[in-house]
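See below for the structure under consideration.
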Amino acid sequence: MHWADVESSDLPPEPLIATGITPSGPIHLGSLREILTGDAIRRASESGELLYIADTIDPLRRVYPFLNDSYEKYVRMPLSSIPCPCGSHESYADHYLEPFLETMDSLGIDCSVRYTHKMYAEGLYEDAVRKLIESKDKVVQVLTELTGRTLEGSWYPYNPRCSSCGLLGTADVISFEDPFVHYRCSCGNEGMADIRTDDGKLPWRCDWPARWWILGVDCEPLGKDHAASGGSWDTGIKIIKDIFGTSPPHPIVYEWIQLKGKGVMSSSTGVAIKGEDMIAMVEPEVVRFLLMKTKPQSHIDFDPGLPLLDLVEEYDQTEMRYYDGELEDDQKRVYELSQIDGIPEYPPRRVPYRHLVNLVQIYEDVDDMWEISVGDEYGPDDYERLNKRVEKVRYWIDNYAPGFVKFSIKREMPEVSFDEDEISFIEKYLSSIKDLDGWSDDILHSLVHSTAEEVGIQKGKAFGIFYRMILGQKRGPKLGRFLMQLDRRFLLQRMKETLEK
RNA sequence: GGGCCUGUAGCUCAGCCAGGUAGAGCGAUCGGCUCUUAACCGAUCGGCCGGGGGUUCGAAUCCCCUCAGGCCCGCCA
């Protein structure tokens with residue numbers, strides 16, 4: 001049974017699944033794992049709802065490396081109240097959230113988005129805050145017991161936001177006169193926070209169980225950092241049981257995704273691939289595939305370089321086998337859970353990604369590529385799919401491909417020279433193919449061998465001639481196939497030109 | 001010190017939850033083809049399932065112990 005089906009069998013038929021993020025920086029593939037894990041569970045359940053809770057009231061922790069120094073003054077201010085870094089979004093939080101929400105949409109994730117600053121502003125937290133404040137001693141006891149630390153005397157299960165400086169966590173609570181929390185801020189301001197509004201927030205360890213209680217959460221994927229003993233998951237369980245009197249959600253602990261050779265993905269260190277980047281380099285189905293085929297508790301070493309091609313190829317192959325009926329149940333399920341918008345009625349035909357890496361560098365224009373190279377083998381229905389994949393391949397080549405896969409056809413004769421042997425090779429080869437009717441990969445390829453033998457030069461040298469003449473570099477794509485992709489007149493013309501020099 | 005996860009073919013992993021003849025992809029080798037790469041097709045090679053013990057007619061799978069690796073564990077989230 002697929003992991004998503006196993007997990008959902010432990011849940012009520014219509015579970016409420018919650019996941020969340022603090023949008024303090026670019027949102028990366030690791031966060032995609034959280035929401036996609038939730039999405040898989042939702043799909044595996046008969047029906048149910050998936051929530052994406054953006055912790056927008058959370059304060060900016062520090063000036064991250066990707067921010068400029070002007071953000072110093074916003075440290076400790078809620079992300080929803082900080083100006084957008086680029087100026088075109090409503091807030092700092094939206095700046096990072098918006099592209100990610102678009103990515104989630106492209107991935108076919110059906111969820112409703114909640115913003116914690118709005119949840120507080122709408123008064124959703126009122127009862128929870130009151131309960132926690134009234135049970136303060138009990139809360140302190142839980143946190144002390146489970147975390148093994150002692151809380152400061154000034155600790156309070158509610159952090160007011162100072163009405164003067166706008167910062168969170170800088171005020172000491174003096175008293176609670178329902179529904180107002182009286183506080184004194186380190187900036188000198190004294191004020192009152194209304195727990196029915198977003199005048200303040202709960203500290204994380206209280207906020208999390210409060211959410212479960214308020215929303216009635218049945219299931220929540222959580223990163224392994226939360227799951228460590230004495231962590232916020234442990235304390236959350238105890239708080240929801242003892243203070244709110246209900247049960248905690250069913251947890252699904254997921255492992256981190258590492259960037260091959262660079263360590264764990266993390267927004268704050270910049271070791272990360274943004275969600276947007278993922279769907280820019282491969283189809284969204286492939287992104288889902290990566291996460292659906294891997295159990296949440298296994299860590300993933302993601303390598304966006306050459307191994308990315310293996311991933312795409314594996315997806316294509318799984319897809320073909322799905323329609324051939326060759327897949328085992330689990331693999332079938334992986335394929336189904338990887339789809340964006342239902343399972344295609346007919347098997348989608350895709351030009352192999354690996355092959356496109358070459359074609360894309362030969363043809364600037366997709367229509368030329370279609371016309372000259374792939375159109376014969378594929379039908380009109382495949383054109384749109386090709387077009388999309390070509391965009392992905394281009395993005396990959398520009399951003400993640402290793403240098404040796406890159407080349408460009410030189411429209412003008414490159415600055416290269418050839419010795420006598422090479423010239424006579426070109427002459428012989430040219431005269432062989434000039435009047436040849438049936439060009440094919442094999443013929444062009446084996447002709448290189450036979451011609452090289454006739455002229456008496458090394459074969460490696462013979463192959464190199466073409467790359468130097470056409471690409472201006474020593475190596476290039478597999479030759480027979482490559483020459484076939486070129487415009488025939490261009491190839492002949494280039495060879496003649498070389499001889500004339 | 002505590003927690004979670006992972007050790008299965010050269011590499012990446014599936015199989016473990018519901019015990020019943022050890023799998024896939026990639027790589028390698030060979031052939032197709034006197035044949036560069038990052039293509040294709042076919043075949044072959046490759047593993048006392050980290051180690052030890054237990055349960056069982058039977059263990060990669062369940063239980064206990066052990067070794068190795070990864071990550072997490074002040075506050076905050």
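Naming convention: chains lettered A, B, ... in sequence-line order (proteins, then strands); numbering from 1 in each chain.
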Review point. With a 4.0 Å cut-off on heavy atoms, is A:Arg354 in touch with a base, just the backbone sugar-phosphate, or nothing at all?
Key: sugar-phosphate
Practice item. Determine the contact category for A:Asp234: base if any of its heavy atoms lies under 4.0 Å from a base atom, sugar-phosphate if only primed atoms, P, OP1 or OP2 are that close, otherwise nothing. Key: nothing
Exercise for review: Name the nucleic acid region contacted by A:Pro352, choosing base, sugar-phosphate or nothing; use a 4.0 angstrom heavy-atom cut-off, strictly under.
Suggested key: nothing
Revision key, fill the gap. Taking a pair to mean Watson-Crick or G-U wobble geometry with both distances below 3.5 Å, B:G46 pairs with none
Practice item. Check every strand shown and say whether A:Glu255 touches a base, only sugar-phosphate, or nothing at a heavy-atom separation below 4.0 Å. Key: base
Exercise for review: Please check the phosphate of B:A77 (OP1 and OP2 only) for any side-chain N or O of A:Arg205 closer than 4.0 Å.
Suggested key: no
Practice item. Assign A:Asp225 to base, sugar-phosphate, or nothing according to its heavy-atom contacts below 4.0 angstrom with the strands shown. Key: base
Practice item. Please state how far atom CZ in A:Arg76 lies from atom C1' in B:C75, giving the value in whole angstrom units. Key: 11 Å
Review point. Does A:Lys201 place a side-chain N or O at less than 4.0 Å from the phosphate oxygens OP1/OP2 of B:A77?
Key: yes
Study note, to complete from the structure: In Watson-Crick or G-U wobble terms, with both distances under 3.5 Å, the base opposite B:A9 is none
Check your understanding: Could you state the OH-C1' distance from A:Tyr467 to B:U37, rounded to the nearest angstrom?
Key -> 7 Å
Review point. Does A:Lys293 make a side-chain N or O approach to OP1 or OP2 of B:A24 shorter than 4.0 Å?
Key: no
Exercise for review: Identify the nucleotide, in any strand shown, that forms a Watson-Crick or G-U wobble pair with B:U34, with both distances under 3.5 Å; if there is none, say none.
Suggested key: none
Review point. Reckon A:Lys406 touches a base, only the sugar-phosphate, or nothing at all at heavy-atom distances under 4.0 Å?
Key: nothing
Review point. Which part of the nucleic acid, if any, lies within reach of A:Leu479 when heavy atoms closer than 4.0 Å are counted: base, sugar-phosphate only, or nothing?
Key: base
Point to revise | Between A:Tyr429 and A:Phe466, ring centroids under 6.0 Å | key: yes
**Study point:** Euclidean distance for P, B:C65 against B:G74 (whole angstrom)
**Key:** 27 Å
Review point. Atom CD1 of A:Ile465 and atom P of B:U36: how far apart are they, to the nearest Å?
Key: 17 Å
